[in-house]
Amino acid sequence: MRLLVLPGDGIGPEITAATVAVLEAASQRFGLGLELTHDIVGHASLKQYGATVRPELLTMARERDGVVLGPAATFDFKDEAKGEINPSMYLRKNLDLFANIRPARTYPGLPTRFPPFDLVVVRENTEGFYADRNMAQGNGEILVTEDVSIAMRRITRQCCARIARAAFELAERRGKHVTIVHKANVLKIGDGMFIEECRKVAAEHPGVTVDDIIVDAMMAHVVRAPDRFDVVVTTNMFGDILSDLTAEMSGSLGLGGSVNAGTDYAMAQAAHGSAPDIAGRDIANPFSLILSGALLLDWHGRRRHLPAFEQAARAIETAVEQAFGAGEVTADVGGKLGTRKTGEALAARLLAG
Ligand code: ATP
């Protein structure tokens with residue numbers, strides 16, 4: 001498996017280094033033959049190449065089996081004409097990575113205020129309220145006058161149907177329950193279409209139970225009883241917000257792993273941002289990107305029918321579970337280790353089997 005590794009900004013380089021250590025250990029133990037190519041995005045790329053992300057990276061990504069992308073300082077990147085492009089948007093859009101799979105679960109060794117839960121947010125990734133990916137050219141967010149802005153939300157049947165399929169296929173392998181999260185009481189046309197397409201796909205999966213919840217009510221339901229959810233399918237922005245909440249409920253936003261998947265390509269990317277408030281201090285939790293790496297190995301193993309990759313993914317998840325018991329974790333989840341040592345301890349745990 002050949003991967004392109006792009007560390008990004010803020011805590012990106014620290015959590016990426018820890019992830020690389022763990023992926024290399026997994027490769028060694030399970031004979032995965034991982035080949036990693038390192039390049040740059042974000043501020044480092046802007047400084048060196050005049051753009052936060054270069055078109056060559058797309059070619060490099062396509063020539064490989066996947067990408068590991070660290071978080072980028074997207075808030076700093078305001079003007080595409082100056083090369084300030086959101087790398088995450090650029091790669092998701094151009095590689096057509098329409099499904100953002102964001103699991104959140106509790107761990108026996110990590111106390112939280114919630115009952116044990118294990119759910120996955122399946123978030124549409126290529127349209128919705130994200131105006132920067134809705135147009136063939138230009139941006140769907142427009143400054144009409146100095147005091148008036150308009151943003152365009154695009155919803156298409158095709159994108160609703162394909163994200164629904166991803167959610168129902170996942171539910172078939174899990175607890176066979178899908179919750180559709182929407183705002184169809186206000187966004188009657190777009191979210192009406194989203195529900196309609198989800199219900200059509202549901203009809204092809206009679207063994208999966210389905211319900212739907214309005215997004216604002218979902219905030220209460222998920223906090224009140226997270227254990228009643230299995231797979232939650234939703235549009236782009238709702239999924240982005242909801243999955244940060246569920247990651248934090250699992251113990252820390254720093255546990256929010258995610259994979260962005262298309263029909264034949266996938267990219268590991270933590271659910272959180274570049275966390276400038278804790279960057280460079282060796283305190284960021286690397287488990288988010290490490291778990292994202294595990295999701296990417298699992299995805300690859302399933303697609304290519306390579307059981308060793310699925311085993312490696314399970315072993316990484318098990319090692320993370322055990323790390324909580326052993327206290328080999330960062331301060332956000334009650335430990336004393338730094339980012340680097342947390343990665344090293346996990347890699348050692350994997351190698352020890
Ligand atoms: P950005 O502008 O890149 O989105 P942000 O700080 O606005 O950055 P996040 O990076 O998502 O948004 O961070 C939100 C909060 O969660 C911050 O307080 C941050 O320190 C914390 N956080 C995010 N990721 C981690 C992590 N891996 N480990 C520990 N804390 C984290």
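Counting starts at 1 for both ligands and their atoms, in listed order. None of the values given here were measured: they were computed from a predicted structure.
Separating the CG atom in Leu97 from the CG atom in Asn260 is a distance of 5.5 Å, to the nearest 0.5 Å.
Near ligand 1, heavy-atom contacts under 4.0 Å come from Ile11, Ala72, Leu253, Gly254, His272, Gly273, Ser274, Ala275, Pro276, Asp277, Ile278, Ala284, Asn285, Asp332.
Taking a cutoff of 4.0 Å between a charged side-chain nitrogen and a carboxylate oxygen, Arg62 and Asp264 do not qualify as a salt bridge. A salt bridge is defined here as a Lys NZ or Arg NE, NH1 or NH2 lying under 4.0 Å from an Asp or Glu carboxylate O, and Arg64 with Glu35 fails to meet this definition. A salt bridge does not link Lys341 to Asp282: none of the charged side-chain nitrogens sits closer than 4.0 Å to a carboxylate oxygen.
Side-chain heavy-atom separations under 4.5 angstrom define the hydrophobic clusters, and Phe77 shares its cluster with no other residue.
With Ile180 as the partner, the side chain to side chain contact (heavy atoms under 4.5 Å, CB included) test is satisfied by one option alone out of Val233, Thr235, Asp191, Thr234: Val233.
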